[in-house]
Visitor: 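Sending over a structure as structure tokens; questions will come in a sec.
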Amino acid sequence: MDLEEKREKRPPVTPMMIEEEAALRNGSRGLPPGSWAEAAGPRPRTTERHIAVHKRLVLGFAVSILALLAVTMIAVLLSVRFEECSAAADGPPRASGNGSLPGAARQPPGAGQSPGRPEQEEEEKEARGGEVVEEEEEEEWQRRRELPPWTRPRLPRHLRPLHYNLMLSAFMENFTFSGEVNVQLEVLNASRYIVLHAHRMHIEAVRVAEDKLAGGVRVDRSFFYPQTQVFVVVLNRSLEVQKSYNLKIIYNALIENELLGFFRSSYVLHGERRFLGVTQFSPTHARKAFPCFDEPIYKATFKISIRHQATYLSLSNMPVETSVFEEDGWVTDHFSQTPLMSTYYLAWAVCNFTYRETVTKSGVVVRLYARPDAIRRGSGDYALNITRRLIEFYEDYFKVPYSLPKLDLLAVPKHPYAAMENWGLSVFVEQRILLDPSISSISYLLDVTMVIVHELCHQWFGDLVTPVWWEDVWLKEGFAHYFEFVGTDYLYPGWNMEKQRFLTDVLHEVMLLDGLASSHPVSQEVQQATDIDRVFDWIAYKKGAALIRMLANFMGHSVFQMGLQDYLTIHKYGNAARNDLWNTLSKALKRVGKSVNIQQVMDQWTLQMGYPVITILGNETTDNVIVISQERFVYDIDAKPKDPALGDSSYLWQIPLTIAVGNTSHISSEAIIWVSNKSEHHRIPALEEASWLLGNINQTGYFRVNYDIRNWRLIINQLTRNHEVISVSNRAGLIDDAFNLARAGYLPQNIPLEIIRYFSEEKDFLPWHAASRALYPLDKLLDRAENYNIFNEYILRQVASMYLKLGWPTNNLNKSLVQASYQHEELRREVIMLACSFGNKHCHQQAATLISDWISSNRNRIPLNVRDIVYCTGVSLMDEDVWEFIWMKFHSTTAVSEKKILLEALTCSDDRNLLNRLLNLSLNSEVVLDQDAIDVIIHVARNPHGRDLAWKFFREKWKILNARYGEALFMNSKLISGVTEFLNTEEELRELKNFIKSYEGGAAVSFSRAVETVEANVRWKKLYKEELFQWLRKSLTH
Ligand SMILES: [Zn+2]
């Protein structure tokens, strides 16, 4: 699964939401009470809004329910014997579970109702009855001193699904569907209970049969237990061990308006709104689409059939085997049986898209499905083309063929994530897969490429071999994220993604987060279903990827690759936990004669939070001996006592430290030292007076390195004299380490600023990118300070000469981006961004000229790769008319990427009235999409003129914002961190603490992280701001 916007500066992530739904959450649409869904569906105690959604469809569905009731009544009258649970799946009132009469359990929906009774009263009675049964069942178990199996957070292990036959009918005209699932069950331990997941559906009938042909096992009763999202079938006798049974459930549900489970979405074609139904099951939403054992360990085979109107087509993981047409314009597609797989990457869709296709060398048919106009324009061709090449790449790299006969890529208008790796039917939000190379910037192309590389990697890591449980979600997400860089290198060999861009976009990014005392380990314990969403965060993705990269480097890439091939071959179609991976990799190492206990090493990195800072002291000893020590890196040293674990000396890592010795013209080859103690002495040969030491070569390790000041000075001299002796990635690594060590107080403030003095000669993109990202938070700490100009001027001096050398890009629309020099264009963009944002006059003039030209000619000739910089600079410098012009363009443009940068540009204004106006408009769903509103507020908070406005706005509107985004955890934490991360005064810290006190609610983790960050900011300013300004003053007068 790919979260949103991976290449933004800040770590964001985020399920999107749709306007209508937000309106429901805000309570702006009430509907009359009384609906089938409320009467019969499960009653999760916390999801009133879903009930509201249900209610809205009552009218449309009433007719089919009435018909259904009539048919069932007739069936009962005709005494059709059918072992089933009552429609009142919440449980009809009954005296005692075990002793109830069989007949009572056989009552069909509504059969027990006395005619003319008010519906409302009946609902209430049923609900009460459900609770009574539940309580009695629970008491029975309490007497046995055991927790009832349905109340436990995980499914009981006594049953295993072997095969599902799932038949669905999708009614797109009223957004409902009905289903019949037949699950073949294997009994591992005898039990009278069948407990499986089912959520927000109406169950009509349940039947259990021994084998397929033998007689039924009577169902005593059945009920939902919403707290654990399960459905419980109680039988009149125990299922016998090693026998196989068939569980049949007939149910119906809504094609939901929220973007999870089986949900609907729409788009406009030729002025007409068209709908589609598509699924998002990961991590725990398959249970909303069919009753199932919805945990990744329960792998089974699936045979799916979908009945739909012939004007639509249906898709699923496997190809269609046969289609049966009915006379009334309906068709049933029968799909081939899947291999063994988990429920979370099962998928289907009902839509009227068109497609283009290609075939890989090994015969896999790849199709891209999208709305017909996009297919006609060829917007999917880029994705289709790279997908074919990437399947070939992965088949070759893993030496395991792609497992299914086809792979469909589905581009949908709305989706909660950037993409989802469903096996054979991967779903992407349009902005992450459709691309027109002639109007896309490099970063847009890179985004699209990397999302596709990511989802394709999951076809092996995740789909073919699946983590046992969600605590190891980082195993699949870390791999897919790491391979984004490896796979992109395959497509564009010159881009050096894994060696270079990985550092700034993954390693540096996640070390910011993981350097907080309130971080968490990459392997997280997961108990409740509600915890599961929480594990999909940047720590799992980015730290996971960084640890895998460290592992690949200390193992050696070819041994690592061999190990992965073994791992996939051994565990294919099965599940594996992290220890399975460590064991296979250890064996691969052993085969080449190396012995490292990978599990022992990696457990320290995956089970402990945070990361170490290594300090290398070279000049305090004699005889070529250096002292290497490790401690946990934290930004706020004061935060240490709050966490007792931090003071604990057991907080240690086994660190594969690579080290090299350099002098003015040469650097030695690297040696690896395993550091496992708090402090160690090591002998380094050829350590001369003027030679410097460099640790963590090419920053392959997940840690920071600090040196004695003398060594830092030698490195700075080296960079000034001849920076190319030190590799590009090491230069970027030194810059990021130095800025962050200084920010946390491990290093004097002037060292990082002295390092970037060689920038007039730096022609590589990566060090610039690293510096720009590290300068950014520093800038935000200083931007409201009295002496800010000194800092500003210092940065401008370092940027000026490269800015002059590189100049501005021309807008050559004929040249394909793919052929453009990525390194050169990205470098130029980075330098222009620094120049314009720190106030280079020429840069400002150039931006203003380009904007004026656009306004006067009404032709946008601004080069694609710098449009965001030009718009923002224009808005901040020029008058209100420019703001209005950009506002107008934001409304009129249809290109998604363009719309977003126009909106963000509006937040760059110096005019507080305009910023306030924008903040207020941002909550109007008609004007700003819900997912974009968050970006507006965050960007206003980044603007020094708007920071207090955004902070005030956030507090005033918190109730509305929390109602909108509260359930989408990623979104809420992105908003909280975005608005608070640059607060840095005592007053603001007090305001934050008071605000949290006054608020009771779920986002506790995000708020404690926010407090820690602001405390660290305040502390930094108190301790180091003056030191920095003093040094800057002195430096500028020289
Ligand atoms: Zn993923």
Side-chain angles (χ1 to χ4, degrees), residues 1-7 11-16 259-260 279-286 296 317 341-347 383 387 390-391 394 398 402 407 409-410 412 415-429 431-433 446-488 497 502 505-506 509-510 522-524 526 532-549 564 568 575-576 578 581 969-970:
M1 196 153 71
D2 212 319
L3 306 172
E4 264 293 283
E5 298 178 61
K6 61 170 62 77
R7 298 182 59 257
V13 184
T14 7
M16 294 176 201
L259 307 182
L260 297 167
T279 57
Q280 167 63 29
F281 290 167
S282 175
T284 56
H285 308 290
N317 306 76
M341 64 183 290
S342 312
T343 45
Y344 80 83
Y345 51 91
L346 196 77
T387 300
L390 285 165
I391 291 180
Y394 282 124
F398 293 138
Y402 175 73
L407 172 61
L409 312 175
L410 186 65
V412 298
H415 196 262
Y417 304 98
M420 174 62 208
E421 70 264 22
N422 309 312
W423 215 8
L425 176 58
S426 293
V427 181
F428 298 75
V429 69
Q431 299 96 299
R432 288 289 182 268
I433 191 163
L446 207 51
D447 275 350
V448 167
T449 306
M450 292 176 87
V451 170
I452 296 169
V453 181
H454 179 110
E455 304 311 327
L456 288 180
C457 177
H458 276 316
Q459 307 296 311
W460 284 262
F461 273 94
D463 296 354
L464 182 63
V465 178
T466 310
V468 169
W469 181 237
W470 298 109
E471 65 180 10
D472 278 335
V473 77
W474 72 273
L475 261 189
K476 79 176 179 82
E477 295 306 343
F479 268 102
H481 199 39
Y482 175 63
F483 271 94
E484 282 175 33
F485 294 82
V486 180
T488 306
M497 299 295 290
F502 186 92
D505 292 14
V506 181
E509 182 85 46
V510 74
V522 71
S523 264
Q524 283 196 86
V526 177
I532 293 171
D533 275 325
R534 194 168 46 86
V535 302
F536 287 86
D537 70 355
W538 272 167
I539 297 282
Y541 280 69
K542 292 185 186 279
K543 185 174 180 177
L547 295 181
I548 287 159
R549 179 167 173 268
L564 294 189
L568 290 170
N575 298 81
R578 56 178 182 275
L581 177 67
L969 208 56
F970 285 139

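FYI, the numbering just counts along the sequence from 1. Whatever order the structure lists ligands and atoms in, that order sets their numbers, starting from 1.
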Visitor: Tell me which N, O or S atom from Glu477 is the closest to the Zn ion (ligand 1).
Guide: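 The closest N, O or S atom of Glu477 to the Zn ion (ligand 1) is OE1.
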Visitor: Apply side-chain hydrogen bond (donor to acceptor under 3.5 Å, both in side chains) to residues Glu421 and His454 and explain how you reach the verdict.
Guide: CA-CA 8 Å; Glu421 70 264 22; His454 179 110; 5.6 Å; no
Visitor: Is the Tyr541 ring parallel, tilted or perpendicular to the Trp538 ring (thresholds 30°, 60°)?
Guide: perpendicular
Visitor: Please report whether the ring centroid of Phe483 lies less than 6.0 Å from that of Phe398.
Guide: yes
Visitor: Hey, do the aromatic rings of Tyr394 and Trp460 have their centres closer than 6.0 Å?
Guide: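 Yes; Trp460 has its ring centre under 6.0 Å from that of Tyr394.
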Visitor: Specify whether an N/O/S atom of His481 falls short of 2.8 Å from the Zn ion (ligand 1).
Guide: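 No, outside the cut-off.
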Visitor: So does Met420 have any N/O/S atom less than 2.8 Å away from the Zn ion (ligand 1)?
Guide: no
Visitor: Does the ring center of Tyr344 lie less than 6.0 Å from the ring center of Trp423?
Guide: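 No, too far apart.
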Visitor: With the Zn ion (ligand 1) as the point of reference, which N/O/S atom of His458 is the closest?
Guide: NE2
Visitor: Could you confirm whether Asp2 has any N/O/S atom lying under 2.8 Å from the Zn ion (ligand 1)?
Guide: no
